[in-house]
Amino acid sequence: MLLAGLLFSDRVGAETTFCRSPDFPQEVICGKIQRPLNPADPSGKKIDVHYMVVPSQDRNKLPDAVFLLAGGPGQSAINAAGFGQALLNRLNRRRDLVFVDQRGTGRSAPLSCPDLENVQGAPDRETTIRLMRECRKQLQSLPYGDLQYFSTSIAMQDLEAVRLTQGYGPINLVGVSYGTRAGLEYLRQFPNAVRRLVIDGVVPPDLRVLGSDSKIALDGLFAECAKEARCNEQYPRLEERWKTLVASMPKTTQLTHPRLGSPLSITITRDALLRLVQAVLYTPANTAAIPYALTQAERGNFSPLVTLSGATNLPGPLGIAYGMHFSVWCGESLARPWNTPPRDEFEEVSISTYKQVCEEWPRAEIPPAFFTVQKSNSPVLLLSGGIDPVTPTRNGVVVAKALGEKARHVSVENVGHGLLSHGCVRDVVHRFLNAKTDDDAVKVDAACVRQIPRPTAWFAPQEKPLTAAKNQTEVDQKKGGQP
């Protein structure tokens, strides 16, 4: 981000400046505030929490800004600002959009693990544990390396400090994925500061592990394929063959790097295979190609699966700072005894990895009230996808019930993780936040969010035989009057 203009302070404790961002043609406002690393020791170590404001240009600007809460945990809200503004641009006409880099992400005391975040291919569990152990030691040597102070509860206190320094009254929050947990925690701590809350892909505060519904999503895909004649003919006994493939791991395979075009030799372990498939399940359009990718994997060709999973992509603006990710998750998911055995192989992989990393990771002190969802006096719109492997519909149902009569839950059966980018959901969110009364917000018309069909299975194009292609060309030429 390129900064321009003179530094100025328009609120006590806030330093802001006009700046340029590659995501926006106009000048925006970049700000930072100093926050105690340990809230219980306000005179101790400090960190800078950075944020960006995309101001409304309307003369009749509304006072209730919209704060975007990024996912992960570990994503930078500022890095996601272009994506967020594209989803919320209509709201930006009359409201400021605010993007706060949660502590541990972006420029706010970042806790990045480059060796893990930049790894190519599909690292196995042992490699992941080793890289995280090395990263933890490096992070603890930083001036702000007391990792137990990177929790959702503390981060929401930072967010409240930004609100106050910018002089906003009650605000609107839009949280996606982990950002939904952050939004619920902000609502719990600062209920009078929330005008409206939108949470897309609901992560309840008591959720222990991400991706726990991956097997349910995959089994649903297998069942749909078995019912559909062409899919069943092309990919028969898919569930049975999947189990055989899992049992046959590990396998060493030679790939052509889908981005670089160079040869790549990797070993696909059982855990790595499960993680690759889990990554594809996030998006139904990609999920449609899983039958083909698994059939190719049976033959030793893992290129389609690796490509679909994004395992060889360059780190993008929505990348995860894994040091912050584990600081948050270790404290919150392991704050209470965990004696329930995993339900399936996907959950077993996730649980075992988190438990091993968290055995050595410093844990935050989590207030008991964090794990509760209290009745809300502000309208809350909850969004769920019916085939989401990470934040299934039942999460939204349970949380909406706890929030009370001012909660509205909208689900779409055949959508995966995240609804904001689908169809008219953005229009529903716009009407929800623009509604003049709380009753109108809760009763927002969501009829346009129709139930869309599951994407059909993808099939590789069939090439025509050369002789057939030649004969077809001759026919086409005669129809066109050519000799």
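Since the structure is predicted, the reported quantities are computational estimates derived from the model, not experimental observations. Only heavy atoms go into these numbers, but all of them, side chains included; no hydrogens, no water, no symmetry mates.
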What distance separates [X] [atom1] from [Y] [atom2], expressed to the nearest 0.5 Å?
| X | Y | atom1 | atom2 | answer |
| --- | --- | --- | --- | --- |
| R133 | W361 | CZ | CH2 | 11.0 Å |
| N38 | K45 | CG | NZ | 10.0 Å |
| L207 | S333 | CG | OG | 9.0 Å |

Check whether [X] reaches the backbone of [Y] with its side chain - one donor and one acceptor, N or O, closer than 3.5 Å.
| X | Y | value |
| --- | --- | --- |
| N92 | R95 | yes |
| D146 | Q148 | no |
| S76 | T105 | no |
| R93 | S56 | no |
| R195 | L173 | no |
| K46 | G44 | yes |

Using a strict 4.0 Å threshold on nitrogen-to-oxygen distance, state whether [X] and [Y] make a salt bridge.
| X | Y | result |
| --- | --- | --- |
| R107 | D48 | no |
| R431 | D427 | no |
| K32 | D101 | no |
| R196 | D438 | yes |
| E405 | K375 | yes |
| R136 | E359 | no |

Looking at every heavy atom in both [X] and [Y], which two are closest together, and how far apart are they?
| X | Y | answer |
| --- | --- | --- |
| L420 | R426 | O-CG, 3.2 Å |
| L308 | A289 | CD1-CB, 3.7 Å |
| S177 | G71 | CB-CA, 4.3 Å |

Can D213 and R394 be said to form a side chain to side chain contact (heavy atoms under 4.5 Å, CB included), step by step? CA-CA 11 Å; D213 272 58; R394 69 172 181 276; 2.6 Å; yes

Tell me whether the rings of Y178 and W329 are parallel (<30°), tilted (30 to 60°) or perpendicular (>60°). perpendicular

Over 60° means perpendicular and under 30° means parallel, so classify the ring planes of F67 and Y168, tilted if in between. perpendicular

Steps toward side chain to side chain contact (heavy atoms under 4.5 Å, CB included) verdict (V349, R275): CA-CA 8 Å; V349 169; R275 290 186 183 281; 3.6 Å; yes

Is there a side chain to side chain contact (heavy atoms under 4.5 Å, CB included) between R103 and L37 once you walk through the steps? CA-CA 9 Å; R103 58 169 61 198; L37 179 61; 4.1 Å; yes

Any donor-acceptor pair under 3.5 Å linking the side-chain atoms of E185 with those of Q189? yes

Between R181 and T152, is there a side-chain donor-acceptor contact under 3.5 Å, judged purely by atom types and distance? no

Residue that, paired with [X], satisfies side-chain contact (heavy atoms from CB on, under 4.5 Å) out of [options]:
| X | options | result |
| --- | --- | --- |
| M132 | T127, L116, T353 | L116 |
| L218 | I387, L281, D344 | L281 |
| L403 | L197, N377, V380 | V380 |

Only pairs at least two apart or in different chains count here, so list each disulfide (SG to SG under 2.5 Å) that has a residue in residues 328-397. C330-C358

Which disulfide (SG to SG under 2.5 Å) pairs, counting each pair once, include a residue from residues 127-160, with sequence neighbours left out? C113-C135

Would you indicate whether Y322, at its atom OH, is surrounded by more than 12 heavy atoms from other residues, nucleotides or ligands within a distance under 6.0 Å? no

Count the heavy atoms of every other residue, nucleotide or ligand shown that sit under 6.0 Å from CD of E365, and state whether that count exceeds 12. no

For V174 and L87, run side chain to side chain contact (heavy atoms under 4.5 Å, CB included): C-alpha distance rounded to whole Å, both residues' side-chain angles, the deciding distance at 0.1 Å, then the answer. CA-CA 11 Å; V174 178; L87 296 178; over 6 Å; no

